[in-house]
Amino acid sequence: MNELDTMKRARMYLAMMAEGKNPLTGEEEPDGSILNQARIIRCLYYVTGVLDKVIANGGEVSAAPAKKTKRTKPFEITDEQLDGIPAEPKPVSISALLQKVNNCIPEDMKKLSYKHAVCWLASQGLMEEHENDQGRKTFRPTAAGKAAGITWEQMQSQHGPYWGTLLSVDAQIALLMHIPDIADSIDDKNDDNEG
């Protein structure tokens with residue numbers, strides 16, 4: 001087994017632990033397990049993301065750039081890069097999935113943002129805009145979106161409860177398949193958000 005294969009296996013183990021599973025047996029850890037604590041889960045997902053970048057870079061760990069590169073090139077991604085992005089077995093947020101996509105592109109390329117994805121999903125009839133009690137606009141899944149595996153759920157962060165959109169495994173795969181369509185839908189003249 002070469003070093004890149006070892007990294008891929010380590011990434012798989014970390015992802016399983018982030019899901020609250022024993023990576024050797026695949027069994028769910030009990031509720032009191034350290035693997036079910038929010039801070040540990042966030043840490044494991046963070047390290048999984050770092051490994052995704054290293055694996056996408058062919059296993060090479062590169063030094064941090066001296067200064068941040070301005071993202072001026074339009075977003076584009078190859079089918080091979082998309083094929084290398086695994087769907088997570090548990091539901092994940094749109095932002096978490098897009099982070100994996102954006103980890104595959106060069107530093108000088110514009111990122112896809114949450115706004116890009118939800119606007120495209122809305123154009124497909126899978127999400128629609130709502131206004132919450134505080135007057136803030138949010139996007140929530142339509143009946144068609146729910147049928148496609150998009151849910152609107154209350155979650156917990158270190159700052160307290162919040163509502164967010166989650167994608168099932170099938171919804172993650174579908175969104176990944178449509179990343180080129182989302183990129184094609186971006187109007188660069190009216191979009192100053194680099195993600």
Side-chain angles (χ1 to χ4, degrees), residues 1-57 59 61 64 82-104 111-115 117-118 121 126-127 130 132-134 136 138-177 179 195:
M1 183 180 299
N2 63 33
E3 191 169 350
L4 188 58
D5 290 334
T6 302
M7 286 180 191
K8 288 178 181 177
R9 181 170 296 254
R11 188 239 176 257
M12 179 186 69
Y13 285 170
L14 288 168
M16 288 182 73
M17 291 189 302
E19 295 160 16
K21 294 180 182 174
N22 180 319
L24 302 177
T25 65
E27 295 176 5
E28 296 279 335
E29 287 290 303
D31 287 340
S33 169
I34 193 167
L35 294 181
N36 288 319
Q37 293 184 12
R39 290 173 66 184
I40 300 300
I41 292 169
R42 280 192 299 275
C43 177
L44 290 168
Y45 275 122
Y46 172 79
V47 175
T48 301
V50 171
L51 272 177
D52 285 339
K53 286 181 182 179
V54 174
I55 291 167
N57 196 30
V61 179
L82 283 173
D83 289 344
I85 301 171
E88 298 297 335
K90 281 192 173 180
V92 298
S93 69
I94 293 172
S95 297
L97 186 62
L98 290 178
Q99 181 179 359
K100 292 194 320 185
V101 170
N102 290 326
N103 286 344
C104 295
K111 294 180 179 182
L112 284 187
S113 71
Y114 174 84
K115 175 182 154 188
V118 296
L121 288 165
L126 299 172
M127 293 189 81
H130 285 267
N132 65 18
D133 296 339
Q134 293 80 30
R136 185 169 175 240
T138 61
F139 282 88
R140 296 184 189 170
T142 61
K146 291 175 185 173
I150 305 171
T151 59
W152 177 253
E153 297 182 24
Q154 189 171 30
M155 295 176 268
Q156 186 70 33
S157 77
Q158 63 186 18
H159 304 292
Y162 69 98
W163 286 87
T165 306
L166 292 177
L167 303 172
S168 69
V169 174
D170 290 339
Q172 291 172 57
I173 293 168
L175 192 64
L176 286 169
M177 287 175 44
I179 291 295

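Numbering of residues begins at 1 and proceeds along the displayed sequence.
- When all heavy atoms are compared, the tightest approach of T165 to M127 is OG1-CE, 3.6 Å.
- Each salt bridge (charged side-chain N to carboxylate O under 4.0 Å, His left out) pair with one or both residues in residues 155-165, not counting sequence neighbours, would appear here, but there are none.
- Partners of R11 by salt bridge (charged side-chain N to carboxylate O under 4.0 Å, His left out), not counting sequence neighbours, listed by chain and number: D52, E88.
- Counted within 6.0 Å of CD1 on I34, heavy atoms from surrounding residues, nucleotides or ligands total 12 or fewer; the atom is thus considered open.
- Residue H130 holds its NE2 atom at 14.0 Å from CZ of R136, rounded to the nearest 0.5 Å.
- When the side chain to side chain donor-acceptor pair (under 3.5 Å) test is applied to S93, no partner is found at least two apart in sequence or on another chain.
- The local environment of CD in E3 is sparse, with at most 12 non-hydrogen atoms from other residues, nucleotides or ligands closer than 6.0 Å.
- Residue L112 holds its CG atom at 11.5 Å from OG of S95, rounded to the nearest 0.5 Å.
- In plain terms, the two heavy atoms of A171 and G149 that are nearest each other are CB-O, 3.6 Å.
- Remark: K8 pairs with no residue by the salt bridge (charged side-chain N to carboxylate O under 4.0 Å, His left out) rule, at least two apart or across chains.
- A side-chain donor-acceptor contact under 3.5 Å links N103 to the backbone of Q99.
- The backbone N or O of G49 sits nowhere less than 3.5 Å from a side-chain atom of K100 that would complete a donor-acceptor pair.
- The NZ atom of K146 sits 12.5 Å away from the CG atom of L126 when rounded to the nearest 0.5 Å.
- Residue pairs that meet the side chain to side chain donor-acceptor pair (under 3.5 Å) test with at least one member in residues 13-23, sequence neighbours left out, do not exist here.
- Contact check for Q37 versus I41: no side-chain heavy atoms found under the 4.5 Å cut-off.
- Closest approach of Q172 and L167 over heavy atoms only: NE2-O, 3.3 Å.
- When atom types are taken as modelled, the side chain of T6 and the backbone of N2 share a donor-acceptor pair closer than 3.5 angstrom.
- Listed by chain and number, the residues in a side chain to side chain donor-acceptor pair (under 3.5 Å) with E28 amount to none (sequence neighbours excluded).
- Taking OG of S168 as the start and NZ of K90 as the end, the distance is 14.5 Å to the nearest 0.5 Å.
- The two residues Y114 and L98 make their nearest non-hydrogen contact at N-CD1, 3.7 Å.
- Among all heavy-atom pairs drawn from L166 and P91, the shortest one is CB-CB, 4.0 Å.
- Remark: L14 CG to T48 OG1 distance equals 4.5 Å, nearest 0.5 Å.
- Between the side chain of T151 and the main chain of E153, no donor-acceptor pair closer than 3.5 Å is present.
- Residues L121 and I150 share a closest heavy-atom pair of CD2-CD1, 4.3 Å.
- Residue-environment remark: CZ (R42) exceeds the threshold of 12 foreign heavy atoms within 6.0 Å.
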